[in-house]
Peer 1: 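Have a look at this one.
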Amino acid sequence: MLNKMGIIGGGMIGGVLLQEIPRRRLARRVGLVDIMPPDLAKGKCLDIAEGSPVMRFDTELSGSKSYEVLEGAELVINTAGVPRKPKPDGTLPTREELLQTNLKITAAVAAGLREYCPDAIVISIANPLDAIVYRLQQLLEPEPGRLFGMAGVLDSARYRWFVAQAAGVSVENVEALVLGGHGDTMVPIRSACRICGLPVEQFVDEETLAAIEDRTRKAGGEVVKLLGTGSAFVSPAWSALEMAEAVIHDKKKILPVSARLSGEYGVEGLFIGVPALLGRGGVERVFEIPLTDAERAGLERSIAAVRKTCAEVDALV
Ligand code: APR
């Protein structure tokens with residue numbers, strides 16, 4: 001158990017994190033910062049604290065509009081961002097406008113982290129994932145492995161669930177990896193997909209697998225359309241917590257992580273979804289795995305897309 005965890009952004013994902021951290025006994029204290037007036041962070045903390053006798057936990061929850069509430073946090077999960085929603089004039093912001101807004105938020109996030117918990121391990125979920133984590137790296141310059149992004153655990157969980165449904169087996173029997181950037185170019189790695197240790201092709205036919213991989217790439221959008229407002233929030237929170245637990249319990253668990261590469265996969269200095277070992281030091285090791293030619297080509301395309309987004313970040317800041 002940690003002494004203190006921090007959450008930045010107390011919206012839909014932050015709200016689930018705030019419930020789950022005490023339930024899973026991950027930290028004695030949790031600090032939540034959100035700038036939303038009148039005081040969303042304080043309100044969310046009060047709601048959950050008032051239910052704590054029923055749920056039987058003594059975790060101290062503090063919410064605030066000020067980043068001071070993160071003081072001393074050892075691990076922080078960042079969810080601060082704005083979604084793509086119509087502007088007051090009714091038009092939708094362009095991708096660039098949205099990126100610009102989220103980069104401003106990221107500047108505030110980095111300033112808060114630097115001031116109040118400069119040594120914390122940071123897991124970032126905020127979108128556009130690849131751009132935000134890249135910018136955080138520039139602003140924070142953390143020790144290697146202490147900043148990384150959550151996307152692959154969720155994308156892989158979606159792939160695993162679709163495969164389990166198609167094969168008619170428990171989700172617990174399905175292992176899978178989705179690598180690359182977090183977006184349309186992500187690469188479901190069929191050659192690493194196993195059901196009870198056996199190649200997935202022994203259970204699911206080629207056509208169905210291709211459809212599953214396509215659905216995986218678009219899975220975020222599918223939920224957005226059904227919800228009508230906002231995006232998936234429970235599964236992203238659980239996915240970030242799987243990573244947090246690997247760190248807190250020093251599990252040495254290999255998960256798909258948006259990790260900063262230093263030459264692996266031919267990439268220098270970008271955050272790309274790759275299999276990585278998570279332990280008390282954060283990302284302790286990155287694995288280069290064998291890929292088929294098609295998977296390798298897909299990963300190259302995805303890396304190119306991330307490189308392009310990061311170049312947009314460099315141009316905007
Ligand atoms: N500091 C702290 N919190 C902020 C800041 C800031 N500078 N700017 C915005 N926030 C808060 C908002 O007030 C909001 O409560 O971040 C919260 C984001 O919550 P939601 O809008 O509900 O978004 P959520 O669904 O939780 O997703 C968060 O994760 O998956 C990504 O695309 C998603 O980028 C989004 C992020």
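We count ligands from 1, going down the list as the structure has it; atoms in each ligand are counted the same way.
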Peer 1: Give the residue, atom name and distance (to 0.1 Å) of the protein heavy atom nearest atom 27 (O) of ligand 1.
Peer 2: Ile13 CD1, 3.5 Å
Peer 1: Side-chain atoms of residues 104-114: list all donor-acceptor pairs with protein atoms under 3.5 Å, sequence neighbours left out, distances to 0.1 Å.
Peer 2:
from: Thr106; atom 1: OG1; to: Asn102; atom 2: O; distance (Å): 2.7
from: Arg114; atom 1: NH1; to: Leu139; atom 2: O; distance (Å): 2.2

Peer 1: Show the atoms of ligand 1 that are less than 4.0 angstrom away from any heavy atom in Tyr67.
Peer 2: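 Close to Tyr67: 1 (N), 2 (C), 6 (C), 7 (N).
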Peer 1: Within the 4.0 Å heavy-atom shell around Gly81, which atoms of ligand 1 are there?
Peer 2: 16 (O), 18 (C)
Peer 1: So which protein heavy atom does atom 22 (O) of ligand 1 come closest to, and at what separation?
Peer 2: Met12 N, 2.9 Å
Peer 1: Assess Ala126 for proximity to ligand 1: is some non-hydrogen atom of it under 4.0 Å away?
Peer 2: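 True for this residue.
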Peer 1: Under the side chain to side chain donor-acceptor pair (under 3.5 Å) test, which residues partner Glu50, sequence neighbours left out?
Peer 2: none
Peer 1: Salt-bridge test for Arg190 and Glu295: reply yes if a basic N is under 4.0 Å from a carboxylate O, no otherwise.
Peer 2: no
Peer 1: Got the closest protein heavy atom to atom 36 (C) of ligand 1, with its distance?
Peer 2: Thr79 O, 3.4 Å
Peer 1: Identify the closest protein heavy atom to atom 17 (C) of ligand 1: which residue and atom is it, and at what distance?
Peer 2: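 Protein heavy atom with the smallest distance to atom 17 (C) of ligand 1: Asp34 OD2, 3.6 Å.
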Peer 1: Where's the contact between Leu40 and ligand 1, heavy-atom distance under 4.0 Å: side chain, backbone, both or neither?
Peer 2: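 Only the side chain of Leu40 comes within reach of ligand 1.
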Peer 1: Are Arg296 and Glu300 within salt-bridge range, i.e. N to O under 4.0 Å?
Peer 2: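 Counted as a salt bridge, because a side-chain N and a carboxylate O are separated by less than 4.0 Å.
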Peer 1: For the pair Glu20 and Arg23, find out whether any cationic side-chain nitrogen is under 4.0 Å from an anionic carboxylate oxygen.
Peer 2: yes
Peer 1: Between the side chains of Glu175 and Arg160, is the shortest nitrogen-to-carboxylate-oxygen separation below 4.0 Å, so that they form an ion pair?
Peer 2: no
Peer 1: Against heavy atoms of Met36, which atoms of ligand 1 measure under 4.0 Å?
Peer 2: 13 (O)
Peer 1: Given side chains that start at C-beta, do those of Ser258 and Met150 come closer than 4.5 Å, heavy atoms only?
Peer 2: no
Peer 1: What atoms in ligand 1 come closer than 4.0 Å to a heavy atom of Ile105?
Peer 2: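 Contacts of ligand 1 toward Ile105, numbered from 1: 5 (C), 6 (C), 7 (N), 8 (N).
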